[in-house]
Amino acid sequence: MFVSKNLNVNDKGHLTIGDVDTVSLAENYGTPLYVMDEDLIREHCRSFRKSIDKFYDGQGLVCYASKAFSCKEIYRVMQDEQMGIDVVSGGELYTALQTGFDSSKICFHGNNKTTEELQMALDYNVGRIVVDNIYELHQLDEMCGKQGKKANIMFRIKPGVDAHTHNFIRTGQIDSKFGFALETGEAFEAVKLALSCENLHLCGLHCHIGSQILDTQGFEAAAEVMMSFIEKIKLELGAEISDLNLGGGFGIQYTEKDDPLPYEKFMESVAKVINTFCKEHDIKRPFILIEPGRSIAGPAGITLYTIGGKKVIPDIRTYVSIDGGMCDNPRYILYQSEYDALVANKANQEKTETVTVAGKCCESGDLIGEGMLIQPCEVGDILAVCATGAYNYSMSSNYNRLQKPAVVFVKDGESRVVVKRETLEDLIRNDC
Ligand code: LLP
């Protein structure tokens, strides 16, 4: 009935998340409101971790890609679940470090890290810096040399596997701003160079083939390509690459059209590829890292809005306006993403109205979705949009000087604020 398994309907006919009444949440904390089920987040972490135990003898680390949803509390949860994290900016790194996150379990990504960001990574002994280009390699080597440090680096590789939602392409990924291309020999030259850098230790290779991927073929192909590259490095340069990071991208259910795989399937299929490769080619099995973001946070979250005006345009469409929109969920305006929505205070009623859910920004494209089937609604009803836990809060903005909503975690039938709602004062805090 619902796209996420943590959603239900109580005897008042209200939608619940993690057994907490969403209508009460809206009353207590106001709307728009992001609500996330902490237990489901933890369950996702465990299923990825268990998959490494089960299919790869525990020889790996799951790093939550925190660009999906970043705030102090999520890093505390990740640390508690013995996860690593992927950060892509000084801001994410700072937030994690503020919670005392174990820096040895951090992968630092980014195609244009600033000097300050690299310095921060060195100051805090970040476990793995994922180097994206030659300039960064030189800069990091020089910084380490001057400061008497040796950094652990990985290279971001473009494996030539471009995964789309339902299939993948084996060529043509040279045109990406991220990483070193394999096909052109660029990646191999970079490895040679890295091996000659005295202040750097090339511990591994990384690739990330896409996002919201709903099958395993692309991951298997990427694993094969990366293993062949590891073998080439061993044979031609005599160097052993100890870590292989296969990135994230595991798909989730946004609407009933999506049919995601159980999370353990990804590790099951890539482990098979790697184990076979290592046996057949006499290569030492690498330590595996994976970086799920959306699949950890996405299904665990919903957004609650209050419905305002309703505009029926005969023979065209019905607009239902909400008190949020592209500022808290820019994924429709960016990607025409589809979501499942329902009227939280009428969750036991049948969905009979097809509407366009419109945000409150001065922008015609500010929609949450078109052709959305919901219960008949009126002003004051609470609209719940499902599976908004990833890339909603983290991509939110203050366009039109709207305040960012609060984020509430629910757990064991209780709720708590983990990010406060912005105030009007917050909006002018940095204005001079
Ligand atoms: N690792 C790397 C290096 C990545 O670039 C990404 C996502 C991930 C891991 C996590 O991917 P996930 O498991 O979340 O699919 N804003 C877009 C998604 C952009 C993803 C960018 N990189 C969206 O809202 O769909």
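Whatever order the structure lists ligands and atoms in, that order sets their numbers, starting from 1. Throughout, numbering of the chain's residues begins at 1 and tracks the sequence.
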Point to revise | side-chain contact (heavy atoms from CB on, under 4.5 Å) assessment of Glu338 paired with Asp258 | key: CA-CA 10 Å; Glu338 290 186 56; Asp258 305 317; over 6 Å; no
Check your understanding: Is the closest side-chain donor-acceptor distance between Ser70 and Tyr75 under 3.5 Å?
Key -> yes
**Study point:** For Ser4, all residues meeting side-chain hydrogen bond (donor to acceptor under 3.5 Å, both in side chains), sequence neighbours excluded
**Key:** none
Between the protein and ligand 1, are there any N or O atom pairs that come within less than 3.5 Å of each other, and if so, what are their names and distances?
{"residue": "ligand 1", "atom": "1 (N)", "partner": "Asp86", "partner atom": "OD2", "Å": "3.3"}
{"residue": "ligand 1", "atom": "1 (N)", "partner": "Glu291", "partner atom": "OE1", "Å": "2.7"}
{"residue": "ligand 1", "atom": "5 (O)", "partner": "Lys67", "partner atom": "NZ", "Å": "3.4"}
{"residue": "ligand 1", "atom": "13 (O)", "partner": "Gly249", "partner atom": "N", "Å": "2.8"}
{"residue": "ligand 1", "atom": "13 (O)", "partner": "Gly293", "partner atom": "N", "Å": "2.9"}
{"residue": "ligand 1", "atom": "14 (O)", "partner": "Arg294", "partner atom": "N", "Å": "2.7"}
{"residue": "ligand 1", "atom": "14 (O)", "partner": "Tyr391", "partner atom": "OH", "Å": "2.6"}
{"residue": "ligand 1", "atom": "15 (O)", "partner": "Ser211", "partner atom": "OG", "Å": "2.3"}
{"residue": "ligand 1", "atom": "15 (O)", "partner": "Gly249", "partner atom": "N", "Å": "3.4"}
{"residue": "ligand 1", "atom": "16 (N)", "partner": "Tyr335", "partner atom": "OH", "Å": "2.8"}
{"residue": "ligand 1", "atom": "24 (O)", "partner": "Arg331", "partner atom": "NE", "Å": "2.6"}
{"residue": "ligand 1", "atom": "25 (O)", "partner": "Arg294", "partner atom": "NH1", "Å": "3.2"}
{"residue": "ligand 1", "atom": "25 (O)", "partner": "Arg294", "partner atom": "NH2", "Å": "2.9"}
{"residue": "ligand 1", "atom": "25 (O)", "partner": "Arg331", "partner atom": "NE", "Å": "3.4"}
{"residue": "ligand 1", "atom": "25 (O)", "partner": "Arg331", "partner atom": "NH2", "Å": "2.9"}

Practice item. Kindly assign one of parallel, tilted or perpendicular to the pair Phe219 and Phe266, based on the angle between their ring planes and the thresholds 30° and 60°. Key: perpendicular
Exercise for review: Of all the heavy-atom pairs spanning Gln212 and Gly251, show the shortest one and how long it is.
Suggested key: OE1-CA, 3.3 Å
Exercise for review: Give, for atom NE2 of His138 and atom CG of Leu193, the distance between the pair rounded to the nearest 0.5 Å.
Suggested key: 5.0 Å
